[in-house]
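Quick notes on the structure that follows.
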Amino acid sequence: MPQHQDRAEAPAAASALEASAAAQRAQRVADVVTRLRRALRSSIRTDYPWESLPMAQVELLHTLSAAPLRVGELAARQRLAPNTVSGLVGKLLDAGFVDRQPDPGDRRTARIALTEAGHRQLADWQHAHERRMAAALASLSPADHDAVMRALPGLDRLAEALAGPTEE
């Protein structure tokens, strides 16, 4: 094979290796995040075994803690289909954690708001979650604890990059 062909193939081979390494790094991050999310969901049951709210409902409560929203706004923020959010909201209404309020800007629509019971439920869940996370962080070596804490800004920016712009 002539030498000029080797030089032309070298950048392509290097590019393929870089793409493969990037894909492996991305897969490793995705695997760790998936395991961490699963561990967070299941570990909460250790300190909060009576809690039966699915994570999707907890996430809706958390989103609604900032302000009441219309179902469409809530769906856009959660990146879920409006009919999925309507079903979740229905279950939260039945549980007494949210209620419908008139929308001051449009009387034809309603906003979903947390009730006092919803605020308490969310606060209880967050406190149990914080206790569990604090215990897990305390079990790490100082070096691992520091590495986790140093990674947080980058993970936050990664979450923002993955979320992209939200539709309001």
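Keep in mind that the numbers below use all heavy atoms, side chains included, and drop hydrogens, waters and symmetry copies.
Looking at residues two or more places apart in sequence or on another chain, you find no side chain to side chain contact (heavy atoms under 4.5 Å, CB included) involving Ser139. Listed by chain and number, the residues in a salt bridge (charged side-chain N to carboxylate O under 4.0 Å, His left out) with Arg108 are Asp106 (sequence neighbours excluded). By the side chain to side chain contact (heavy atoms under 4.5 Å, CB included) test, Asp144 is found to be paired with Leu140, Ser141, residues two or more places apart in sequence or in another chain being considered. Listed by chain and residue number, Arg37 satisfy the salt bridge (charged side-chain N to carboxylate O under 4.0 Å, His left out) test with Glu59 (two or more places apart in sequence, or in another chain).
The local environment of NE2 in His62 is sparse, with at most 12 non-hydrogen atoms from other residues, nucleotides or ligands closer than 6.0 Å.
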Which side-chain N or O atoms in residues 16-34 pair as donor and acceptor under 3.5 Å with protein atoms at least two apart or in another chain?
from	atom 1	to	atom 2	distance (Å)
Gln27	NE2	Asp31	OD1	2.6
Thr34	OG1	Ala30	O	2.8

Output side-chain donor-acceptor pairs under 3.5 Å for residues 84-103, partner residues at least two apart or in another chain, one line each.
from	atom 1	to	atom 2	distance (Å)
Ser86	OG	Pro82	O	3.1
Asp103	OD1	Gly105	N	2.9
Asp103	OD2	Arg70	NE	2.5
Asp103	OD2	Arg70	NH2	3.0
Asp103	OD2	Thr109	OG1	3.4

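Distance check, rounded to the nearest 0.5 Å: CD of Gln121 to CG of Leu61 gives 7.0 Å. The CD atom of Glu73 sits 12.5 Å away from atom CD of Gln78, with the distance rounded to the nearest 0.5 Å. Remark: Leu74 CG to Leu60 CG distance equals 5.0 Å, nearest 0.5 Å. Rounded to the nearest 0.5 angstrom, Glu160 CD and Leu155 CG are separated by 11.5 Å.
Scanning all heavy atoms of the two residues, the minimum distance from Leu114 to Ser65 falls at CD1-CA, 3.6 Å. When all heavy atoms are compared, the tightest approach of Leu64 to Ile112 is CD2-O, 3.3 Å.
Residues Met133 and Leu40 have side chains in contact (heavy-atom distance under 4.5 Å, counting atoms from C-beta outward).
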